[in-house]
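Reading through the structure tokens given below for one structure.
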Amino acid sequence: MTRFLALRFSRALLSILLVVTFAFVVLRLSGDPALTIMSPEAPPEAIAAFRKAWGLDQPIWVQYLRYFGAIAHGELGVSMRDGRPALALVAERIPATLMITIPALMLKIALGIPAGITAALHRNTLRDRLLMAGAVAGFTVPSFVLGLVLVLVFAVRLGWLPSGGDERWTSAVLPVLTLGLGGAGILARFTRSAMLEVLGQPYIRTASAKGVPWRLVVRHHALPNAAIPTVTIVGFMVGSLIAGAVVVESVFSWPGVGRLLVVAVANRDLAVVQCILLLVSATMVTANLIVDLLYGALDPRLRVGTAAAH
Amino acid sequence: MSDLALPTPNPGPAAGVGDAASAPRQRRRSLPFGVALAAGWIVLMLVVAFGADWLRPYGITALDLRARLLPPVGFGGSIHHLLGTDELGRDVLSRLIVSIRISLLIAFCATLIAAVLGTTLGFLAAHFRGLIEQAVLMLIDFQASMPFLILALAVLAFFGNSLTLFVCLMGLYGWERHARIARGLAIAANAQGYAAAVRQLGASPLRVYLRHVLPNIASTLIVSATLSFPEIVLLESGLSFLGLGVQPPMTSLGNMVGYGREYLTRAPWILLAPSTTVVLTTLAVSMLGDWLRDRLDPTLG
């Protein structure tokens with residue numbers, strides 16, 4: 001188990017390292033910062049002074065290390081739009097995003113997992129086909145189409161719910177539904193295939209053959225084993241809580257991180273984009289790490305450490 | 001067995017395990033109805049994409065200010081504008097046809113780039129093993145664990161937008177799946193007699209991989225590309241919807257939905273026509289992909 005954990009920890013660190021490197025490389029490739037910020041007609045002495053002041057005259061590896069140092073100290077730059085620290089700007093949007101992504105995640109789990117299990121247990125029946133048709137519809141319909149159709153029906157035609165903004169709590173209903181229904185489809189398909197895989201295993205046949213009631217076979221033999229791949233995908237969904245609503249927030253003018261990201265990209269506000277990128281990757285990596293820890297709890301084989309290299 | 005018509009999940013390791021037993025019986029059966037319908041839709045889309053310039057009744061920027069926001073035929077519109085017009089009197093059908101061409105073209109190029117890139121990296125990993133393989137595996141893990149949309153948005157923010165860059169960026173989507181598959185299959189193929197035999201005969205590695213290994217694993221790679229195609233369509237339309245993908249005056253399906261959104265109450269047809277097209281196309285391609293997978297390679301997860 002310690003070996004397994006050490007491996008996973010080093011992989012998580014490596015991922016963060018890769019993201020920071022990615023940001024650094026992309027930032028440097030996108031143009032000479034001195035020329036971007038100062039006009040090309042600026043006197044060469046001024047450009048040289050600027051380069052010296054920002055450490056741009058140093059060799060590239062020194063700049064790279066400094067960049068790491070700054071990020072480690074939480075210095076993620078200043079928004080070019082309103083001059084405030086990018087981190088503060090992003091942080092104040094996080095609660096709004098979580099307000100729709102957390103209920104949406106619960107909706108996904110509440111709809112998707114039971115639907116997938118039911119479909120797998122009643123494989124090739126009408127129920128299975130209807131559930132899976134719904135699941136396929138759930139993820140082939142892009143979120144902006146689903147969102148706009150919901151607006152058209154519930155806000156424009158029926159007038160029950162607001163079409164956007166965040167003034168009332170009812171404003172959150174449509175974004176949550178849009179996010180939740182699409183994700184539920186993905187989760188249902190995943191759960192179904194995980195269940196089918198498990199139900200085909202010899203130990204299920206053995207358990208049935210020795211006379212264990214089917215209900216208990218499902219509960220004690222099938223579900224725990226099917227949980228492992230399902231946890232992976234749920235972990236991915238948890239990791240994308242902060243930035244998984246980019247499109248949906250734009251559809252409903254919801255003032256969250258995703259909306260900020262789209263605006264920042266459109267204005268090329270690099271500090272904000274970079275800050276969100278790092279934040280998202282940190283969340284993602286943490287979620288993956290938690291999933292790995294859960295594996296240890298769910299799958300005793302991993303605790304012994306023999307199955308770590310699958 | 002209409003189970004074939006219903007897509008089974010692509011990411012999991014499970015799909016098709018139970019199907020394998022009944023596969024020989026199904027293999028003889030003709031195309032399931034749903035798949036035939038999907039194939040028909042795809043053919044229609046291809047015809048539209050290739051013949052866009054002959055099929056579109058008007059230019060995409062041709063204005064008809066006297067016929068603004070005209071509803072489609074059957075909803076009070078005229079026969080001259082089958083799907084109605086937008087706020088500037090531009091013909092929605094014409095714009096739809098051109099959008100289909102651009103969206104499909106982008107998705108097709110991107111799928112091709114991803115497949116070539118992924119297969120190359122997979123082969124490199126399988127051939128050299130050791131450090132190179134570890135590096136490729138690390139990149140695969142990294143790509144698989146990051147939300148692609150965020151990475152794509154970051155690149156667009158840093159570099160600005162151009163069509164070439166946008167297509168290349170979309171071409172990074174899904175390469176890690178192709179790489180994983182290509183690596184696994186190439187390792188397996190290397191252990192088989194035929195690859196060793198041609199190598200003994202003095203064939204260069206390039207020849208072994210391109211002329212001998214690739215044809216043997218192509219069907220699996222094609223299926224995997226078919227499965228990632230609809231995802232790229234969705235990604236492209238999502239980014240274009242946000243105004244960060246295909247830029248005006250060019251038009252794409254997501255782009256049309258994006259500006260149609262402002263006329264949601266007065267002229268919902270501007271948005272519904274491209275939305276329906278996106279949904280039907282992604283649905284059709286993923287149905288076809290799932291069917292192909294079950295037929296050609298039930299082991300592919």
Side-chain angles (χ1 to χ4, degrees), chain A residues 11 14-15 18-19 22-23 26-27 29-30 123-124 128-129 132-133 136-137 140-145 148-149 151-152 156 163 189-190 192-200 229 233 236 239-240 243-244 246-247 250-251 261-262 264-266 268-270 273-274 276-277 280-281 284-285 288, chain B residues 1-3 5-19 138-139 141-142 145-147 149-151 153-160 230 233-235 237-239 241-244 254 257-258 260-261 264-265 268 271-272 274-276 278-283 285-287 301:
Chain A
R11 242 179 52 186
L14 207 65
S15 294
L18 271 177
V19 176
F22 172 81
V26 166
L27 203 64
L29 282 180
S30 60
R123 183 155 182 252
N124 284 340
D128 175 22
R129 282 186 201 139
M132 280 307 110
V136 171
T140 47
V141 177
S143 54
F144 56 90
V145 170
L148 290 172
V149 168
V151 166
L152 201 58
V156 177
S163 64
R189 252 167 61 117
F190 224 91
R192 177 179 181 270
S193 81
M195 268 305 268
L196 284 182
E197 160 105 1
V198 168
L199 289 176
I233 206 81
F236 194 83
S240 54
V246 177
V247 174
S250 293
V251 171
L261 178 61
V262 171
V265 170
R268 302 193 68 180
D269 194 343
L270 301 186
V273 175
Q274 171 191 306
I276 295 178
L277 181 69
V280 168
S281 52
M284 214 64 216
V285 167
N288 282 342
Chain B
M1 287 271 161
S2 63
D3 181 51
L6 285 174
T8 33
N10 45 31
V17 169
D19 297 295
M138 192 179 76
L139 280 178
D141 274 350
F142 169 68
S145 68
M146 280 298 291
L149 186 69
I150 306 292
L151 289 181
L153 283 172
V155 172
L156 288 176
F158 288 124
F159 291 110
V233 172
L234 289 183
L235 190 69
S237 57
L239 282 169
F241 169 79
L242 293 174
L244 302 170
V257 180
R261 180 186 158 190
L264 185 64
T265 42
L271 168 161
L272 288 176
S275 303
T276 319
V278 174
V279 172
L280 288 179
T281 309
T282 48
L283 191 67
V285 180
S286 42
M287 272 171 78

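Throughout, protein chains are lettered first and strands after them, A, B, ... in sequence-line order, and every chain is numbered starting at 1.
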Contacting moiety of B:L153, where chain A heavy atoms sit under 4.5 Å: both
So, applying side-chain contact (heavy atoms from CB on, under 4.5 Å) with A:P142, which one of B:V257, B:L235, B:V278 is it? B:V278
Against chain A, label B:P268 side chain, backbone, both or neither, depending on which of its atoms sit under 4.5 Å from a heavy atom there. side chain
With only heavy atoms counted, which part of A:V251 is less than 4.5 Å from chain B, the side chain, the backbone, both or neither? both
Out of A:L14, A:L18, A:L261, which one racks up the most heavy-atom pairs below 4.5 Å with chain B? A:L18
Hey, mind stepping through B:F142 and A:V19 against side chain to side chain contact (heavy atoms under 4.5 Å, CB included) and telling me if it holds? CA-CA 9 Å; B:F142 169 68; A:V19 176; 3.3 Å; yes
Between B:L283, B:L280, B:T281, which is the residue that forms a side-chain contact (heavy atoms from CB on, under 4.5 Å) with A:T140? B:L283
A:V273 portion near chain B, given a 4.5 angstrom heavy-atom threshold: side chain
Heavy-atom closest pair, residues B:P147 and A:V280: CG-CG1, 3.8 Å
Of the non-hydrogen atoms in B:L242 and A:S250, which two are nearest, and what is the gap between them? CD2-OG, 3.3 Å
Between CG of A:N288 and CG of B:D141, what distance do you get to the nearest 0.5 Å? 9.0 Å
Any side-chain heavy-atom pair from B:L272 and A:L152 closer than 4.5 angstrom? yes
Could you please spell out the steps behind the side chain to side chain contact (heavy atoms under 4.5 Å, CB included) verdict for B:L151 and A:L277? CA-CA 7 Å; B:L151 289 181; A:L277 181 69; 3.8 Å; yes
I'd like to check B:I150 versus A:M284 (side-chain heavy atoms, cut-off strictly below 4.5 Å). Are they in contact? no
